[in-house]
Amino acid sequence: MEVQARAKLNLTLDVLGRRPDGYHDMRMIMQSIELADILSLSYNDTGELRVRTNLHFLPNNEKNLAAQAALRWWEARGESPRGLDIAIEKRIPVCAGMAGGSSDAAAVLRAMNRMEEAGLSPEAVAEIGERVGSDVPYCVIGGTALAEGRGEVLTALPPLPRCWVVLCKPEFSISTPALFAKIDSVRLRCRPDTQGVIAALEAGDLAGVARRMYNVFEDALPDRQRARVNDIKNTLIQCGALGASMSGTGPTAFGLFDDEALAQEAQERLTEFGGEIFCVQTQQ
Ligand code: ATP
């Protein structure tokens with residue numbers, strides 16, 4: 001069975017505080033985009049769980065989140081693991097704040113629900129996904145959603161009006177644990193207007209959403225990396241983006257466009273920054 005694993009972007013990201021269990025309480029608005037990994041799953045007779053990807057540095061064993069998802073699936077169903085081959089064609093940049101690994105895990109769970117004719121609802125599949133990681137439940141459901149708690153408490157929102165997204169994952173990577181550790185000590189310049197974005201979504205107001213996008217992790221980036229993310233955002237705005245922000249813990253920066261030609265021009269301009277650059281549409 002072949003399935004797609006879609007990337008997500010954060011239209012907003014707010015960290016509300018640290019919890020007694022060490023995790024952080026989050027409030028973020030997530031959006032699926034058309035950029036996707038392609039996964040192929042097939043049962044084998046060897047009894048082994050094997051993962052292959054086109055990126056040599058990703059784990060090809062049980063450390064891969066796709067394999068984790070298969071193991072958690074059998075565990076939740078009270079079944080013994082079976083021989084399974086998972087081939088992943090990665091297109092979503094890795095360590096980019098776009099939930100690439102979580103999305104692969106979600107795609108495996110959706111595929112296994114169908115292959116094994118288990119008939120679970122998306123919500124029940126999402127609950128199994130929570131055992132793999134906090135972003136997995138959202139990746140199972142997709143679309144436009146408010147994610148709270150660790151990210152696993154989901155509320156569906158009216159879809160973002162269809163638009164073009166131009167995004168750039170710069171060549172450097174950001175350590176997610178280091179950024180979470182730092183966010184407790186930095187003074188946040190401002191917070192996203194989450195309610196304002198929800199009201200704009202309810203009104204179908206793309207420009208209203210785009211101009212309110214904000215991610216508190218931008219304030220926690222080391223200076224040089226923050227400067228680079230700002231340069232990308234400024235270039236996107238100069239090219240006609242309705243708004244620009246960073247996704248997740250970065251470093252991917254993106255802009256929303258209501259005009260395809262402007263979006264394509266912006267994609268070309270961004271080549272000066274290097275890294276991985278895409279122009280795609282949002283996914284509902
Ligand atoms: P998030 O937005 O959820 O913070 P991310 O985009 O920052 O995610 P990912 O690309 O999802 O990061 O994951 C990066 C880490 O997870 C890497 O250390 C990588 O080795 C590991 N990993 C395990 N399985 C996968 C997978 N299927 N795809 C990508 N990374 C994976």
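One-based numbering, in listed order, for ligands and for the atoms of each. Owing to the predicted nature of the structure, the values given are computational and were not obtained by experimental measurement.
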With nothing but distance in play, are any N or O atoms of [X] less than 3.5 Å from an N or O of ligand 1?
X: P59; result: no
X: D135; result: yes
X: G97; result: yes
X: A96; result: yes

Quiz prompt | R82 to Y43, cation-pi by 6.0 Å centre distance and 45° axis angle | solution = yes
Quiz prompt | Donor + acceptor pair across side chains of S247, T252 (<3.5 Å) | solution = no
Quiz prompt | CD/E75: more than 12 non-hydrogen atoms of other groups inside 6.0 Å | solution = yes
Exercise. Using a cut-off of 6.0 Å, state whether more than 12 heavy atoms not belonging to R114 lie near its atom CZ.
Key: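 No, CZ of R114 has 12 or fewer neighbouring heavy atoms, counting only those of other groups under 6.0 Å.
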Quiz item: Parallel, tilted or perpendicular: which describes the rings of H24 and F180, with under 30° parallel and over 60° perpendicular?
Solution: tilted
Under 4.0 Å from any heavy atom of [X], which atoms of ligand 1 are there?
X: M98; answer: 2 (O), 6 (O)
X: V94; answer: 10 (O)
X: G101; answer: 9 (P), 11 (O), 26 (C), 28 (N), 29 (C)
X: N64; answer: 23 (C), 24 (N), 25 (C), 26 (C), 27 (N)

Quiz item: In the protein, what heavy atom is nearest to atom 24 (N) of ligand 1, and what distance, to one decimal place, separates them?
Solution: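 For atom 24 (N) of ligand 1, the nearest protein heavy atom is L65 N, 3.0 Å.
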Practice problem: Kindly state if atom 26 (C) of ligand 1 has a protein heavy atom within a strict 4.0 Å cut-off, that is, under 4.0 Å? | Solution: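 So atom 26 (C) of ligand 1 has protein heavy-atom neighbours under 4.0 Å.
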Quiz item: To which of G151, C139, S173, C95 does the heavy atom nearest atom 15 (C) of ligand 1 belong?
Solution: C95
Practice problem: With atom 2 (O) of ligand 1 as the reference point, say which of A107, G248, A99 has the nearest heavy atom. | Solution: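 Heavy atom nearest to atom 2 (O) of ligand 1 belongs to A99.
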Quiz item: What do you reckon, does K90 put a non-hydrogen atom under 4.0 Å from ligand 1?
Solution: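 Yes, K90 has heavy atoms under 4.0 Å from ligand 1.
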Side-chain ([X]) to main-chain ([Y]) donor-acceptor, under 3.5 angstrom:
X: T144; Y: L157; answer: no
X: D37; Y: R91; answer: yes
X: Q31; Y: Q283; answer: yes
X: Q68; Y: E62; answer: yes

Quiz prompt | Member of I29, L206, V165 meeting the side-chain contact (heavy atoms from CB on, under 4.5 Å) criterion with L160 | solution = L206
Region of [X] engaging ligand 1 - heavy atom pairs below 4.0 Å:
X: L58; value: side chain
X: D104; value: side chain
X: K63; value: backbone

